[in-house]
Engineer: 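My questions all concern the structure below.
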Amino acid sequence: MKKYVYAFHEGSTDLKPLLGGKGSNLAEMTRIGLPVPGGYTVTTEACIEYYEKGNIIWDELRHQIEEKQLELEKMMEKTLGDIKNPLLVSVRSGAAVSMPGMMDTILNLGLNDETAKGMAEITKNPRFVFDSYRRLIQMFSDVVLEIPKYKFDNLLETKKREKEVKSDTDLTEEDLRELVEAFKKVVKKETGKEFPQNPKDQLMMAVEAVFRSWNNPRARVYRDLNDISHTMGTAVNIQVMVFGNTGEDSGTGVAFTRNPSTGENKLYGEFLMNAQGEDVVAGIRTPRDIEELKEILPEAYEQFCEVAKSLEIHYRDMQDIEFTIDSGTLYMLQTRTGKRTANAAIQIVVDMVKEELITKEEAILRLNPNDLDQLLHPTFNEKALNDASFITNGLPASSGAASGKIYFSPEDAVKAKADGESVILVRNETSPEDIEGMVASVGILTAKGGMTSHAAVVARGMGKCCVSGAGELNINESEKVMSIDDQHFGEGDFISLDGNTGHVYAGQIETQDASLGGEFLTLMKWADSVRKLKVRTNADTPKDSAKAVEFGAEGIGLCRTEHMFFEDNRISVMRRMILSRSIEDRKKALDKLMPMQKEDFIGIFKAMGSRPVTIRLLDPPLHEFLPSEKADIEKLALEMEVPYSRLKETVFELKEVNPMLGHRGCRLAVTYPEIYEMQVRAIMEAAAELKQKENQEVIPEIMIPLVGEVKEFDYVKELAENVIEEVFEDYGITVPYLIGTMIEIPRATIIADEIAKGAEFFSFGTNDLTQMTYGFSRDDAGRFIKEYREKGILEKDPFQQIDRKGVGELMKMAIERGQQTRKDIKLGICGEHGGEPNSVEFCHIIGLDYVSCSPFRVPIARLAAAQAALRYS
Ligand code: PEP
Ligand code: MG
């Protein structure tokens, strides 16, 4: 018989896929002798089968749960539902991958009208019991009965107002008893039934609700965002309750063993006295710094520090820990690898290498290359910041700097983002329902909640700037106003957030690019020392090239020359060139473009120094450059001194039904050889001039796009070589150069041996190669690929991550065939995949020399290449 339920003492970290993150870590903590309240875990497999069986708890599973529940009761010498000696448990979800706050928790399960009475007598603390009971009804109703939470929150708030108290803890036993009665009435009204009084029913209903919560919309959105499979299921943890709300020697808290924002090696956390777990995470009361616990309960604090350190050493990583102190005794309720900003992640691994807790290789492998993106985020310009108008201070919950317009609801935020606004989401506190609004925002500001509140944790995960717990702010979400003293801000007003300091400012503030230093450089140095792949960049301007060099680019793998023609004064010359009716007219226009191109190349060569630069000859369909507005055509007709109607006709003639498969790439050179002649001349003159005047050695790599037939390649190569000869004669010197091709048409991969006879390098254009291999238009596929993914037809978008099975096989064939005729052919990739970690790994495996990606992805590719080298050495 399959085992669906494990007592904590039966599991360990190794069973994480089965017991989930929380369950396996509770088991592990139990195993190493830490103070963990007893309990058991229902496996993720049970959850998957629950769905397979049509959403039912079947007999065998029910039986196994009941059995473990009995064992637990024996161990605790308490019984679920026993009036004189009741056992209370928590029921919490826990998937194999951490999804903070995305799923559900129920505390104090086992309370009903009778056991509450019993507990009140035993504990002599009826206030605590009724506080626990009202929480159970609230959570159970939310998670299991799906009654909106606010219905209970409103009653609680009304009660506090009635009693003129600020905090929940100021409510008396009598108040709480009344709340319990009122809450039960809500349940009756909303469901037509009484709140379930049988604790065994409560338990089964709760387990089932946790299973269901795996597929609630916010969990699905979170998984989509984080690329987590929907098929893993969640485990359910049932654990004996310990209470942080029994009085002033009890409390509950959350702590990280190191600072999750900066990585500083110092215990970092928050707690609330006389409270239950969800109060801290939900951000309902603003919690206190963990250090203050030292004053209140010194022994528990000392013990906690020791446990935290030992957990970090045991797991060899920074831990995120939940604890409760019940009448002075410490209990551990959870530990997991803590989420952190990219900054902190780097600081932590570099420190841990220094502390000899992990090796350099482990440090490299531990980081998620995509997270480095966060480091490249802007900060506020110092000068602009000095002049900014400070409003208030909150907690620096997630780094970065953001300016944008205020919106007070996730729906409004999503709408504003769709209208092109830069959005700051302002909320009293956020909850998982706000997730889409958070995605739509550049920054998040909350009045309540600490560093571990939902807003803080989720924003850090997203690499988004967040200021939380700005307690002086008065936020009225329904009226859409935020005020402090006599200042008021409404929807659409600009504010700015500094996630590094927690400061909030009125208006917009200019930002500046991130500067990279310190531990980042150390880590990159380690990565560079192990990687085999070179990392180049796709850049078309001297500015982008310089930025890429700063990020560690070792050359340019793709300079798209067409982008250079879109600048103001050039586009009309370009248009004249395209629309010329005679070669003479076209040459005249090209003569004007030539010096501009040459200047571009000189700028890029200078920015790149001695690094290799691959320049691709004109690629896009010409119609992309043409005017479509009547006024533009009229203006151009005037400039070209041709009648409007004739020009309109020419524009019309150039239109193509399917331009991406039309007259583009090297096909243009077959029709208009003089375009490529001009470009080759500009490239070579730029190189010759730099050599002559500045003694700078440049080896241009001239790249021919969209080759599918070897004679296309040979034709363009000959054309280029003729121009190059002329340039050498004009300058009286020679410059080394390479001529190669993009491999982006499936046919080119098949005849790669023929092409390689003339081509000195191949650069895989995996954007077009994917388009043509799948037959998915790269401009339109976005519209349906999302659905393909949702329906499980495609696991990944092949335009983002290389399709190893199809496109990848074609690449392998091209390499093999290319090497047959040119053994040392240089191999690279310049499609978007060149900056995507999984694809970089594939490029390493198939033996490319380099990957090339946009400047901001260069550090990501460097780290991904190092990881690939370590995994596949
Ligand atoms: C490609 O097709 O992968 C490529 C790099 O070229 P472009 O995206 O400019 O078509
Ligand atoms: Mg292409």
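In each ligand, atom 1 is the first atom listed, and ligand 1 is the first ligand listed. Only heavy atoms go into these numbers, but all of them, side chains included; no hydrogens, no water, no symmetry mates. As the structure is a prediction and not an experimental result, all values here were calculated from the model.
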Engineer: Could you pull out the closest heavy-atom pair between V735 and A688, with the gap in Å?
Structural biologist: CG2-CA, 3.8 Å
Engineer: Would a distance-only check, ignoring hydrogens and angles, find a side-chain to backbone donor-acceptor pair under 3.5 Å from R575 to F625?
Structural biologist: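 Yes; at least one donor-acceptor contact below 3.5 Å.
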Engineer: Locate the shortest heavy-atom distance separating A720 from I739; write the atom from each residue and the value.
Structural biologist: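 What the structure gives for the nearest pair is CB-CD1, 4.1 Å.
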Engineer: Any idea which atoms of ligand 1 are less than 4.0 Å away from a heavy-atom of M742?
Structural biologist: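 Here the atoms of ligand 1 in question are 4 (C), 5 (C), 6 (O).
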Engineer: What atoms of ligand 1 come closer than 4.0 angstrom to any heavy atom of E744?
Structural biologist: 1 (C), 2 (O), 6 (O)
Engineer: Checking S852 side chain against T537 main chain: does a donor-acceptor pair fall under 3.5 Å?
Structural biologist: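 Checked: pair present.
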Engineer: Judged by non-hydrogen atoms, does R778 sit under 4.0 Å from ligand 1?
Structural biologist: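 The answer is yes: ligand 1 sits under 4.0 Å from a heavy atom of R778.
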Engineer: Provide the number and element of each atom of ligand 1 under 4.0 Å from a heavy atom of G765.
Structural biologist: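 Result: 1 (C), 2 (O), 3 (O).
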Engineer: Using heavy atoms and a 4.0 Å limit, tell me yes or no: is E832 in contact with ligand 1?
Structural biologist: no
Engineer: Which atoms of ligand 1 are found less than 4.0 Å from any heavy atom of C830?
Structural biologist: 5 (C)
Engineer: Any chance the rings of F799 and Y774 have centres within less than 6.0 Å?
Structural biologist: no
Engineer: Starting from the Mg ion (ligand 2), look over the N/O/S atoms of E744 and name the nearest one.
Structural biologist: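 Minimum-distance N/O/S atom of E744 relative to the Mg ion (ligand 2) is OE1.
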Engineer: For atom 6 (O) of ligand 1, which protein heavy atom lies nearest, and how many Å away is it?
Structural biologist: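 That would be R616 NH1, 2.9 Å.
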Engineer: Hey, is D619 touching ligand 1 through its side chain, its backbone, both or neither, going by heavy atoms under 4.0 Å?
Structural biologist: side chain
Engineer: Strictly under 4.0 Å, does any heavy atom of R664 approach an atom of ligand 1?
Structural biologist: yes
Engineer: Under a 4.0 Å heavy-atom limit, does L558 contact ligand 1 with its side chain, its backbone, both, or neither?
Structural biologist: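 Under 4.0 Å from ligand 1, L558 contributes side-chain atoms alone.
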Engineer: For the residue pair Y872 and H844, does the interplanar ring angle fall in the parallel (under 30°), tilted (30 to 60°) or perpendicular (over 60°) class?
Structural biologist: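 Correct class here is tilted.
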Engineer: May I ask you to decide whether K547 forms a salt bridge with E550, counting only side-chain N to carboxylate O separations under 4.0 Å?
Structural biologist: yes
Engineer: Is the Mg ion (ligand 2) less than 2.8 Å from at least one N/O/S atom of D768?
Structural biologist: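 Coordinating: yes.
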Engineer: Strictly distance-based, threshold 3.5 Å: is any side-chain N or O of D540 a donor or acceptor partner for the main-chain N or O of R560?
Structural biologist: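 Checked: pair present.
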Engineer: What part of D768, side chain, backbone, both or neither, has a heavy atom within less than 4.0 angstrom of ligand 1?
Structural biologist: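 It is both backbone and side chain that touch ligand 1.
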Engineer: Between the main-chain N or O of I750 and the side-chain N or O of R817, is there a donor-acceptor pair closer than 3.5 Å?
Structural biologist: yes
